[in-house]
Trainee: 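Have a look at this one before I ask anything.
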Amino acid sequence: MGLGRAPMTPRLRANGIDKRFPGVVALSGVTLTLHPAEVLAIVGENGAGKSTLMKILAGVYQPDAGSVELDGHPVRFDGPREATRAGVVLIHQELNLAENLTVTDNLFLGREPTTGGGLRVLNRREMAARATGLLAEVGLPASRASVRVETLPPGEKQLVEIARALGTAVRVLIMDEPTSSLTQKETERLYAVIDRLKAGGVSVLYISHRLAEVVQCADRVTVLRDGKNAGELEKRSITHDNMVRLMVGRDLTQFYPKIHRPGVGGAAVLTLDQIRYRGGPDAPLTLDVRAGEILGMAGLVGAGRTELSEAVFGVRPLVSGELRLDGLPIRVSRPSDAIAAGVVLVPEDRRLHGLVAPESVGFNLSLPNLDRLGSLFGVRRRKESDLHRYWIDRLRIKTPSAAQPVGLLSGGNQQKVVYGKWLARDPRVLILDEPTRGVDVGAKAEIYALIDELAGRGLAVWMITSDMEELLGMSDRVVVMHEGQVAGELSRDRLNEEAVMRLATGGEEP
Amino acid sequence: GNNNSGKIKIAVVTNCTDPFWDLCEAGAKKAAQENDVELLFRQPERMAAEVQKPVIDAWVSQGVSGIAVSVIDPKGQTEDLTLVAKKVPLVTMDNDAPDSGRICYVGVDNKEAGRAVGRLVKKILPNGGTIALFIGSTTSANGQARPAGVLEELATPEANGTRAKHPLRPELEGKYYGKYFLVDGESKTDDGLKERAVTNARDMLNRVDGVPDLCFVGLYAYNPPAILEAVRARSLVGKVKIVGFDENPETLKSITSGDIEGTVVQDPYNYGYKSVEILAAEVKGDRSKRLKGSAAYQVITKDGGPEQDINGLRIKFPKAVDYERTVRDQLKSVGK
Amino acid sequence: MMRILGVLALLTALYAGLVGTYLDNAPAHEPASKTQERIQGNLVDVANIQGRYGVIALGAALVIITGGIDLSIGAVVGCSAVLFGVLMQSGIHPFVAVPLVVLCGAVVGLGNGLLITQLKLQPFLVTLCGMFVYRGAARLLAGTVSRSQTIEMQPDFSSALQSVRYFLVGKNIKGELEFPAEFILLLVLAGVVGFFLHRTAYGRYWYAIGHNELAAKYAGVNVSRQRVAVYVICSALSALAGVLLFLDMPSIQSDSGGQYLELYAILGAVLGGCSLRGGEGTAVGMVLGAMVLPVLENLVSIRGLKSDVIPAVIGLTLLVGTIVDEFIRRRSRLNR
Amino acid sequence: MMRILGVLALLTALYAGLVGTYLDNAPAHEPASKTQERIQGNLVDVANIQGRYGVIALGAALVIITGGIDLSIGAVVGCSAVLFGVLMQSGIHPFVAVPLVVLCGAVVGLGNGLLITQLKLQPFLVTLCGMFVYRGAARLLAGTVSRSQTIEMQPDFSSALQSVRYFLVGKNIKGELEFPAEFILLLVLAGVVGFFLHRTAYGRYWYAIGHNELAAKYAGVNVSRQRVAVYVICSALSALAGVLLFLDMPSIQSDSGGQYLELYAILGAVLGGCSLRGGEGTAVGMVLGAMVLPVLENLVSIRGLKSDVIPAVIGLTLLVGTIVDEFIRRRSRLNR
Ligand SMILES: Nc1ncnc2c1ncn2[C@@H]1O[C@H](COP(=O)(O)OP(=O)(O)OP(=O)(O)O)[C@@H](O)[C@H]1O
Ligand SMILES: Nc1ncnc2c1ncn2[C@@H]1O[C@H](COP(=O)(O)OP(=O)(O)OP(=O)(O)O)[C@@H](O)[C@H]1O
Ligand SMILES: [Mg+2]
Ligand SMILES: [Mg+2]
């Protein structure tokens, strides 16, 4: 590529950054260099310190030691506001939108175009005009501009965050896992955006656990391990295996376990028979999830996969139809009913639905299992700590102790806690909504192995995913959703990316 | 060592916070100086026995040499006050609890004073009329005794609380006490909220609009000025007669100006003065200061009048201007 | 939008009830024009009080929108009313005293805001302590203040005070209520608040902070400054309400002036569509919400309900109103 | 843990001040044993009040832990006290009346809880309406109730009422306080609450709901049921406090009994470490938090502070306590 020339001064440089949190050394002596008009990917395992480093660059945290230079000048941002002024913009790993406001309001929050001097009267016309442009850039229709953000599905919220960053006079754009809730289509559009930014001289810091994306769009890769620099990769040496080796410190050979499962195609464990749910499409939907299989479910953002799973889990009331477990009808009017029947859900948004963030890892692991830890009137402490220890070990959850507030763990480790709390229940049906969102390769491999093993033992797994690689690698059978309906079904032998995309966009079955 | 520890401590606990009690405090202070005792004076935040009791208990346990209490609910509080009276000399003031073993009572008989209000009404509207009563609360002893006194006086000799509709305005229900029609047949309460006292009067004015021979009676200290405010806002000054209770400075001023007809006062300054004086004497074993029976109220009108003997009490009828001056001098000594 | 429908329905019902009561009760011979005049007179009375409630409801609502709460409103109202009187009595001209009192209110709000944002204390706790402190400050300033007392001490201010009173409260020199000045003031202030809330960047910040403080912070909003600003506005408006109270009431007692107003203000804000979780509310809604309680209180007293029944009726009406409101909203959400 | 240190420091300071005041003010000739006896007597008095506060603080704290709020506590206390008296006066035996009143409290809580969970109304609004409604209910039940009035009407109940009083309030037949029964009751109840909160699944559910209602729901917690349960417990405890109030206080006025107790209960809970954002609080903290205000009020009484100064002193002390608490916590976080 034409960007090989060595620039005089790097756009952004971080030298010897240290950052400690109570009980955790998040970063020690980390160095990073970002050249103008370059896409630098940061990869590393969960908890390696990527987000922390980005927050330091963007002025959210102050480093305990070390310095940051922008265009060769030392800078010290006392807050995100100052960083934004200097052109350093961070798109956080977790969504940070004022969901009670419209998309337009969020696009300009904190830097509204105003008139009237100190009165700061909103210039609505300008806002509307610019909003349309920004939304178009990320591929959202102009009609979204006046919609309250809370009504959007997570993927679209993520696009709004990206559009917002594009609206600033950005010189360094930091994207912390921007694609974790995006499907392939939106991801590709994001690449186009990045290309355009690059052409305009903008430097991009890009964090992702989807290594294929990194291979595709990064000019260089910096690898972090345990809060330290673990190596750099130039464009030509960016390969999946190279990155993994640096990240994990060893080779990961068998990524997608392919155990032969005789149970595939066995008896239906969970049956959705002609169901319609509140807020869902008018036409009824029928689906089987069979014992011992991994049923993949694909679809575009907003295809209604999450809603369907919520209806089955008792969050959205059924309007008609019936749910059956092992052929027997079950009544599910709240999650506790589903859980009692052995149907559990690893939700899409773990911060909102999956975890009680301020409470400890142990608290969260125990929460749905209290009925099994003695009686409701007395939790057996010994039994409880055994459970904590077992699942922390089994899932290799990286935490100082079971008493650590779960909100302070890295994203991937948080996700593992959600798995732990459900697997401790020995469920019959495991519904996974974006099962490895924000999970690093190593942990992903572990989770895949785990899912596979559980399926091998007869667990029915219903896996909703926007990650094509994961879908193709893990599914025994795939159902594709389009506008709330089953658009088609693909067995393992007919499974390929093209077929999935065609169905997802409303095309015919091949 | 505290510099006061040598002095005798006399405590006074009122029933609530009010300018009325500031006058009492002034009197108590004066007596404390004259008798060289240390005064503890407390106006509890609300008129409720549950607020007053902990204060009394704390002071008794701390070892005061005498305590004066404005009783809120005589029947209910008798038992507790009996315990107090066993430990320290107890004076009841403002409201009495006769069976508590208190050494004496300093204060007027609220019901008698209420009758005096009734007599004022009768004098203003000799041929009968429509009246409304306003008061803070009817759950305390004085809140019950005052309206009862007013109505008792009005009721003699004829009708007593006969249910009826208003002759001119049939939608107004009420009761007849003598020739006087009491709207709604009850006192309108404002729970001690001064703002509500004004709106209560205002709403009543709206309801009785156009009815002749009106008299509004305000039975807590802040009620008469509140009534006057509402009457002014409706341009009805003079058309609606106002009779009050207690010596609120606004009330006294408005009596002088003729906007309020009159009020019945209790002289709280003397409640404070006498209570402390009696208790200080008591500590020295002097029982001569004890009072017998209840004190005399006074009736304030614009022009005043000669003293009279009423129901065995010598009642004064001072002019509003004169009495206002007295009150002002009394208040100065507490810096209000 | 939908949040307004519920409170509109409630208000309509209450006003219909009010007018209906008047029409029902109109004396048979009374000409319609006279009845109408009486209705109007009453509505003006009510509107004036609605105005005063509304002023504090606006402040409470802004705080609530940013996810905070202010329990010190009532105490600030009382304290400001007392301060206003004391300032004038000490010789400060009314035209100066009004802005000075509002400024003091703003300083109080600054104190609240700084404690909340800089020391990261809970708003509920800070403003609850504030409730005690400002009430205490009022009591230390004076016992009772009133217009007449002020004029007596500073006769020069009489006409200035009167014109302030006329423009802010609508009462002429005789104390007659000529027009609902407080309501007009509310409309003006609501216009200003609405402008800031709905048309400027500040409003966007307040909504954003209320819903997701972190998001606002990450977007570069100076969250602390905005929070402080909102507490400052709230307390300044409360102080203004204190001035209104002083001008409208015959006298203000430092121990009880403005009592409970924080609850009424919050109630008004919430009825008007603010959620205590923050991030929601409109200026129009605030005005409508603040209008409910005064008209409801007026209705129950116009209908001559017994004092003992009134609180229960008010509570139930508000509850029913809230439920209706919720159903309207839920329905509108389904039909969307 | 750290949340408790701040309130402990505050309490220690207050108790030290209390004992110091006694020692300073002890008459020169008094033997130390006598002074100590008086101190003890006072501490027992205070402990009894702390017990009653604590009972409602426990309830308030549970509601707060789940992220709710209950403003109806004071009204429920007052209403229950009145109901207790009325029930007994109507011939229901005290041993039956106590559980009956607590049951009624639970029903009230059920109402609050169902409105909040089923109709999805805001807790602040529901319980504020409840505050009016239950206060109104109390007023409809009776004006004033008291033990002596009850015994007068039902002399048979005298001894039963006395034994209930002895065990719940610690007062013997003469009305002397023999031991702080209310505090002991608090310790027992706090033990039960603490057991539920810290040792059973329910406690986990309450914390989870308070921190993240949705996550709790997705983890299979029946959020509505738990929320309702907590409101039921809170109101039942308030009703129990009403019984205690009736037994301890000389008389209960229906229009003011228990007023403001919701604020005191919430204050106790928050001082004890509950966050109004939900999800935080310990049983030990609740007890300590509830102990603050009674000893503070006692201290200001004992020191004979002027009535006017008291609110400011209380407010400032609480504020300083809160700030100290915050600093201790922040420090401990840094040193971890
Ligand atoms: N505010 C905080 N308080 C305490 N510990 C923290 C905090 N933020 C991060 N950590 C810890 O610092 C370490 C680095 O976290 P960071 O979020 O930077 O990891 P990451 O590389 O972004 O991981 P992921 O890929 O899972 O997002 C982790 O061990 C995490 O638990
Ligand atoms: N066009 C749209 N406009 C507004 N809201 C939409 C639209 N499409 C979907 N939604 C909202 O998105 C949700 C449905 O999408 P859902 O999250 O179930 O889809 P999904 O296939 O799981 O997508 P994702 O991959 O983002 O999770 C609902 O809350 C729905 O209201
Ligand atoms: Mg991260
Ligand atoms: Mg989804």
Side-chain angles (χ1 to χ4, degrees), chain A residues 55 58-61 77-86 88-102 104-124 127 147-151 157 160-161 164-165 167-168 174 176 278-279 351-352, chain C residues 1-3 61-62 64-67 117 191-227 229-230 233 273-283 285 329-336:
Chain A
K55 285 182 184 169
V60 176
Y61 293 154
F77 301 130
D78 275 336
R81 191 185 185 83
E82 288 182 26
T84 309
R85 282 228 190 92
V88 180
V89 180
L90 169 61
I91 300 171
H92 286 264
Q93 180 170 9
E94 311 287 353
L95 289 170
N96 278 295
L97 295 166
E99 307 213 343
N100 56 336
L101 297 179
T102 63
T104 306
D105 289 335
N106 270 282
L107 288 179
F108 299 104
L109 188 65
R111 48 192 163 75
E112 292 81 356
T114 56
T115 58
L119 277 183
R120 308 209 52 204
V121 184
L122 296 174
N123 185 342
R124 297 217 192 177
M127 282 169 75
V147 166
R148 271 163 81 106
V149 169
E150 64 197 355
T151 63
K157 289 180 190 169
V160 172
E161 288 248 31
R164 173 159 92 180
T168 55
I174 308 173
D176 197 349
R278 190 181 295 169
R351 259 211 320 189
L352 193 60
Chain C
M1 195 54 232
M2 287 308 130
R3 285 255 43 172
L62 290 184
I64 290 172
I65 283 179
T66 61
T117 56
V192 174
V193 166
F195 171 77
F196 272 90
L197 206 48
H198 303 303
R199 290 271 177 276
T200 72
Y202 303 113
R204 293 293 192 275
Y205 298 161
W206 300 337
Y207 284 116
I209 291 170
H211 188 271
N212 186 345
E213 179 167 347
L214 203 59
K217 191 173 152 197
Y218 284 165
V221 176
N222 190 333
V223 172
S224 298
R225 187 185 301 162
Q226 295 302 324
R227 268 198 196 291
V230 161
I233 296 173
C274 295
S275 155
L276 285 157
R277 280 176 291 272
E280 265 167 61
T282 58
R329 239 166 342 123
R330 209 175 288 179
R331 218 186 157 119
S332 78
R333 213 181 291 142
L334 285 184
N335 291 343
R336 206 167 35 179

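It should be emphasised that the depicted structure is a prediction, and the values quoted were computed from it without experimental measurement. By convention in this document, chain letters (A, B, ...) are assigned in the order of the sequence lines, proteins followed by strands, and residues within each chain are numbered from 1.
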Trainee: List for me each residue that meets side chain to side chain donor-acceptor pair (under 3.5 Å) alongside Arg164(A), sequence neighbours excluded, and say none if there are none.
Mentor: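 Arg164(A) satisfies side chain to side chain donor-acceptor pair (under 3.5 Å) with no other residue.
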Trainee: Can you measure from CZ (Arg204(C)) to CG (Asp105(A)) and round to the nearest 0.5 angstrom?
Mentor: 4.0 Å
Trainee: Which residue in the set Leu62(C), Ile64(C), Ile209(C) passes side chain to side chain contact (heavy atoms under 4.5 Å, CB included) when paired with Val230(C)?
Mentor: Leu62(C)
Trainee: Nearest 0.5 Å, please: how far is OH in Tyr205(C) from CG in Leu109(A)?
Mentor: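 Separation between the atoms: 7.0 Å.
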Trainee: Could you give the side-chain donor-acceptor pairs of residues 214-226 of chain C under 3.5 Å, partners two or more places apart or in another chain?
Mentor:
residue   : atom : partner   : partner atom : Å
Asn222(C) : OD1  : Arg225(C) : N            : 3.3
Gln226(C) : OE1  : Trp206(C) : NE1          : 3.0

Trainee: Heavy-atom pairs under 4.5 Å with chain C: which of Glu99(A), Glu94(A), His92(A), Arg111(A) has the most?
Mentor: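 Of the candidates given, the most pairs with chain C belong to His92(A).
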Trainee: Check side-chain contact (heavy atoms from CB on, under 4.5 Å) between Leu95(A) and all other residues, then give those that pass, not counting sequence neighbours.
Mentor: Lys157(A), Gln158(A), Glu161(A)
Trainee: Can you tell me which portion of Val121(A) sits under 4.5 Å from chain C's heavy atoms? Options are side chain, backbone, both or neither.
Mentor: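 Backbone plus side chain of Val121(A), per the 4.5 Å heavy-atom cut-off to chain C.
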Trainee: Look at Glu213(C), Glu280(C), His211(C) and state which one has the largest set of heavy-atom pairs under 4.5 Å with chain A.
Mentor: His211(C)
Trainee: What are the two closest heavy atoms between Ile65(C) and Leu197(C), and how far apart are they?
Mentor: CD1-CD2, 3.8 Å
Trainee: Checking Leu97(A) against chain C: side chain, backbone, both or neither under 4.5 Å from a heavy atom?
Mentor: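 Contact with chain C involves the backbone of Leu97(A) alone.
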Trainee: Looking only at heavy atoms, which two atoms of Leu119(A) and Tyr202(C) are closest? And how far apart?
Mentor: O-CE1, 3.5 Å
Trainee: Residue by residue, scan residues 77-85 of chain A and write down, ordered by number, those that have a heavy-atom distance under 4.5 Å to chain C; if none do, write 'none'.
Mentor: Pro80(A), Arg81(A)
